[in-house]
2 protein chains.
Amino acid sequence: MRIGELARRAGVSTRALRYYEEQGLLRPQRRPSGYRDYGEQALTTVRHIRLLLSAGLGTAVIAEILPCVPDDTTVLAPTCPELLDGLAGERARITASIQRLTAARDILDALIATGGPARRP
Amino acid sequence: MRIGELARRAGVSTRALRYYEEQGLLRPQRRPSGYRDYGEQALTTVRHIRLLLSAGLGTAVIAEILPCVPDDTTVLAPTCPELLDGLAGERARITASIQRLTAARDILDALIATGGPARRP
DNA sequence: CTTGACCTTCACGTCAACGAGAAGGTCTAC
DNA sequence: GTAGACCTTCTCGTTGACGTGAAGGTCAAG
């Protein structure tokens with residue numbers, strides 16, 4: 001499929017897809033015309049990218065992770081051994097983020113529960 | 001205390017503290033010399049700011065929330081009623097973030113568990 | 001009274017993940 | 001054969017939370 005279709009199906013902009021390619025996250029085929037040509041698995045890949053991005057991982061880290069992700073028919077496991085430490089680190093950062101988010105949500109909950117401290121009965 | 005001490009005790013840069021003031025999050029006294037003079041409660045306030053920032057809230061939202069947060073001896077409850085909707089919205093966004101983070105962490109867990117899919121036995 | 005640590009206000013730089021627009025090539029349908 | 005929907009590369013802009021000097025005032029200690 002071409003870039004427009006993938007963009008629609010994945011719910012992202014074409015600009016984002018070109019950006020991902022620029023960062024080495026996608027490597028679509030090219031038609032003689034120069035048009036990008038994506039396989040079906042690209043849709044899954046893009047969803048993975050979005051998920052990891054929303055987890056706060058940078059494109060550089062994702063670029064190292066992606067080749068290790070199943071359902072990706074590209075070569076497998078290029079630099080996986082030394083990647084494990086990095087993954088553990090990222091995992092720790094995610095867990096910390098979750099804890100911070102939970103704490104912040106508790107603050108909001110306290111504010112909402114009191115009806116906003118405007119309440120002074 | 002002056003800005004340097006607060007920065008050290010809160011673990012942030014003086015630049016950040018001046019930025020928070022510029023955004024209306026802090027309102028320290030001023031000495032005749034022009035030096036900023038912070039009370040003890042400023043430390044708590046800064047910790048709240050950092051927590052909410054790390055939860056993805058912007059300084060503008062935090063500026064509305066802060067006066068409603070306990071342990072802040074400033075005036076109480078200025079624009080709290082109409083703020084409640086916004087708070088609920090932010091709460092929802094935080095919950096969504098937590099879910100995304102959890103899903104992303106699951107992906108990493110799968111990768112780590114398989115030893116990085118280099119494993120093909 | 002001077003050194004050195006601390007403070008002040010500008011004001012421009014950074015970084016990430018794109019958005020937006022220009023100038024032009026491609027392909028399908030009529 | 002041409003309209004229009006799609007694509008290409010290129011380049012500059014945006015947003016938020018600061019970093020990083022520059023140029024200069026303040027103050028306790030020796």
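Naming convention: chains lettered A, B, ... in sequence-line order (proteins, then strands); numbering from 1 in each chain. Just so you know, these numbers use all the heavy atoms, side chains as well, and skip hydrogens, waters and symmetry mates.
Of the residues in residues 20-29 of chain B, those lying under 4.0 Å from DNA chain D by heavy-atom distance are B:Tyr20. Residues of residues 54-63 of chain A that place a heavy atom closer than 4.0 Å to DNA chain C, in numerical order, are A:Leu57, A:Gly58, A:Thr59.
The pair B:Arg18-B:Glu22 fails the salt-bridge criterion, with no side-chain N (NZ, NE, NH1 or NH2) lying under 4.0 Å from an Asp/Glu carboxylate O. Between A:Glu5 and A:Arg2 there is no salt bridge, since no side-chain N of the basic residue sits under 4.0 Å from a carboxylate O of the acidic one.
Contact annotation: A:Arg30 side-chain N/O to D:dT9 OP1/OP2 distance is under 4.0 Å. Under 4.0 angstrom from either OP1 or OP2 of C:dT8 there lies no side-chain N or O belonging to B:Ser33. Side-chain nitrogen and oxygen atoms of B:Ser13 include at least one within less than 4.0 Å of the OP1 or OP2 phosphate oxygen of D:dG19.
Residues A:Leu108 and B:Glu90 meet the side-chain proximity criterion, which asks for heavy atoms closer than 4.5 Å. For the pair B:Leu17 and B:Glu21, the minimum side-chain heavy-atom distance is 4.5 Å or more. With contacts defined as side-chain heavy-atom distances shorter than 4.5 Å, the pair A:Thr95/A:Arg91 qualifies.
Which of D:dT20, C:dA17, C:dT8 sits closest to the side chain of A:Leu53 comes down to C:dA17. Distance from the side chain of B:Tyr19 is smallest for D:dA17 among the nucleotides D:dT9, C:dA16, D:dA17.
B:Leu26 and B:Tyr35 fall into different hydrophobic clusters, where Ile, Leu, Val, Met, Phe, Trp and Tyr are joined by side-chain heavy atoms under 4.5 Å apart, directly or via other members. Note on B:Ile98 and A:Leu53: same hydrophobic cluster, where clusters join Ile, Leu, Val, Met, Phe, Trp and Tyr whose side-chain heavy atoms are under 4.5 Å apart, directly or indirectly.
Minimum heavy-atom separation, B:Gly24 to B:Ala63: O-CB, 4.4 Å. The two residues B:Leu101 and A:Ile94 have their closest heavy-atom pair at O-CG2, 3.6 Å.
For the atom pair CD1 of A:Ile107 and CG of B:Leu51, the computed distance is 4.5 Å after rounding to the nearest 0.5 Å. Taking CE from B:Met1 and CG from B:Leu6, the interatomic distance works out to 5.5 Å, rounded to the nearest 0.5 Å.
Partners of A:Tyr20 under the side-chain hydrogen bond (donor to acceptor under 3.5 Å, both in side chains) rule, at least two apart in sequence or in another chain, are A:Arg50. Partners of B:Asp106 by side-chain hydrogen bond (donor to acceptor under 3.5 Å, both in side chains), not counting sequence neighbours: none found.
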- Using a 4.0 Å cut-off on protein heavy atoms (strictly under), produce a 5'-to-3' string for nucleotides 1-7 of chain C with B for base contact, S for backbone-only sugar-phosphate contact, and - for none. -----BS

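Rounded to an integer number of Å, the gap from B:Arg15 CZ to C:dG13 P is 14 Å. The separation between A:Arg31 atom CZ and D:dT8 atom C1' is 13 Å, rounded to whole Å. Counting to the nearest Å, the P atom of C:dA16 and the CG atom of A:Leu52 are 17 Å from each other. One can place CG of A:Leu17 at 10 Å from P of C:dC18, the figure rounded to the nearest angstrom.
For the helix from C:dC1-D:dG30 to C:dC30-D:dG1, the axis fitted to the five pairs at one end and the axis fitted to the five pairs at the other end meet at an angle of 10° (nearest 10 degrees).
No more than 12 heavy atoms of other residues, nucleotides or ligands shown are found within 6.0 angstrom of CZ on A:Arg27.
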